[in-house]
Amino acid sequence: MTAKALLVAGFPNTGTTITAMILGQHPATFAAGELAHFPDKRHFADHNICSCGAMAKDCAFWLDIRERYAAEPKDDARLYDLIAAASGRAWVIDVAHDMQRVETVAANPRLDLKVIHMVRQRQAVLNSRLRRLYGRGIVSAYRPKRVQKIVKVGRRHQQFLGRMAKVRGRLGAACLEVDYDALCTDPSTWLARIGGFLELDLDTVAAGLEA
């Protein structure tokens, strides 16, 4: 089976993961998580749980994909095709927070690719990112390191948007920008737009969110 690849791309804390999980509820899609550098050890770390409920390192599906993928040179198109064939789904959904990853996937001529670029107000991105770092003890409130981190994250966010704009320019109609806060506020409208973009009927998915 030749896969249709959907890359949900965005700066960290812009709703990429939850959007991929929402779209993965459609029977024609398979939400694969972040496939960058597959199958390095992080994909099979102890804290990673497959959607089937098993630990990724014990999941027969992913162990089979890893074994078959390792048999030939690495290529994202081949990885997506393996996942599509094994899952029986037409669309494979990948998530990317790193612009190098986005650019690499977008430049692969073998891919039948569409990209959703998740965006969010910068203040919300910074607040979400810093709350996570604060919870992990990496930054502390009211200290210079916190201010430095705010500046650094803000700069990285701006650089991401600049590089993403170039990718969007090259992809044209194959890239759709989605506002995460708008998706949360009005999921039916935005899922209808995404459904049109992917040529999928996402009405049932939208109804499930609003139930």
Side-chain angles (χ1 to χ4, degrees), residues 1-118 132 136 156 159-160 163-164 166-168 170-171 174-176 178 194 197-200 205:
M1 177 183 291
T2 300
K4 295 182 178 180
L6 172 63
L7 185 67
V8 181
F11 194 76
N13 302 107
T14 54
T16 51
T17 301
I18 187 64
T19 299
M21 292 173 65
I22 290 170
L23 298 179
Q25 301 303 305
H26 192 280
T29 65
F30 184 90
E34 295 183 55
L35 293 173
H37 308 298
F38 184 88
D40 72 9
K41 62 182 181 181
R42 73 187 183 95
H43 293 94
F44 297 94
D46 289 342
H47 61 274
N48 283 345
I49 301 176
C50 179
S51 59
C52 71
M55 302 298 293
K57 65 179 183 179
D58 300 321
C59 176
F61 176 90
W62 285 112
L63 291 175
D64 179 59
I65 294 294
R66 180 173 66 177
E67 181 177 354
R68 294 164 63 193
Y69 188 54
E72 298 180 35
K74 293 181 179 180
D75 177 75
D76 288 312
R78 190 168 69 84
L79 176 58
Y80 295 148
D81 286 349
L82 287 172
I83 294 172
S87 65
R89 310 292 179 91
W91 284 92
V92 175
I93 305 174
D94 192 0
V95 174
H97 301 123
D98 178 359
M99 268 311 305
Q100 184 173 353
R101 170 64 176 168
V102 176
E103 291 162 346
T104 297
V105 173
N108 191 324
R110 295 185 58 230
L111 288 176
D112 181 0
L113 177 70
K114 288 194 174 182
V115 174
I116 288 179
H117 176 210
M118 299 301 300
R132 183 176 180 182
R136 292 164 57 190
R156 287 178 53 229
Q159 291 170 345
F160 185 101
R163 292 172 67 179
M164 191 67 211
K166 295 179 180 179
V167 171
R168 289 179 57 202
R170 291 197 299 270
L171 292 176
C175 184
L176 175 68
V178 175
I194 295 171
F197 176 63
L198 300 177
E199 299 182 348
L200 294 174
V205 175

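Because only heavy atoms are used, hydrogens play no part in the values below, and waters and symmetry mates are left out as well, while side chains stay in.
- Closest approach of Val102 and Ala96 over heavy atoms only: CG2-CB, 3.9 Å.
- Under the 3.5 Å distance criterion, the side-chain polar atoms of His43 are matched with a main-chain donor or acceptor of Ala36.
- For the pair Asp94 (side chain) and Leu7 (backbone), a donor-acceptor distance under 3.5 Å is absent.
- Ring-centre distance between Phe61 and Phe30: below the 6.0 Å cut-off.
- Judged by distance alone, with hydrogens and angles left aside, the side-chain atoms of Thr29 form a donor-acceptor pair with the main-chain N or O of Leu23 at under 3.5 Å.
- Distance alone, capped at 3.5 Å, is enough to place a donor-acceptor pair between the Tyr69 side chain and the Asp75 backbone.
- A heavy-atom distance below 4.5 Å is not found between the side chains of Lys74 and Leu79.
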Derivation and outcome, salt bridge (Lys or Arg N to Asp or Glu O under 4.0 Å), residues Arg110 and Asp76: CA-CA 9 Å; Arg110 295 185 58 230; Asp76 288 312; over 6 Å; no

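- Across Thr16 and Ala9, no two heavy atoms sit closer than the pair CG2-C, 3.7 Å.
- Pairing each heavy atom of Leu111 with each of Ala5, the nearest pair is CD2-CB, 4.4 Å.
- Annotation for Arg168 and His117: closest pair CD-ND1, 3.8 Å, computed over non-hydrogen atoms.
- Minimum heavy-atom separation, Val115 to Phe197: O-CZ, 3.6 Å.
- Listed here is the closest heavy atom pair of Phe44 and Ala56: CD2-O, 3.4 Å.
- You'll find the side chain of Leu6 reaches within 4.5 Å of the side chain of Leu198, heavy atoms only.
- In this structure, Arg156 is not positioned above the aromatic face of Phe11 in the sense of NZ or CZ being under 6.0 Å from the six-membered ring centre and within 45° of the axis.
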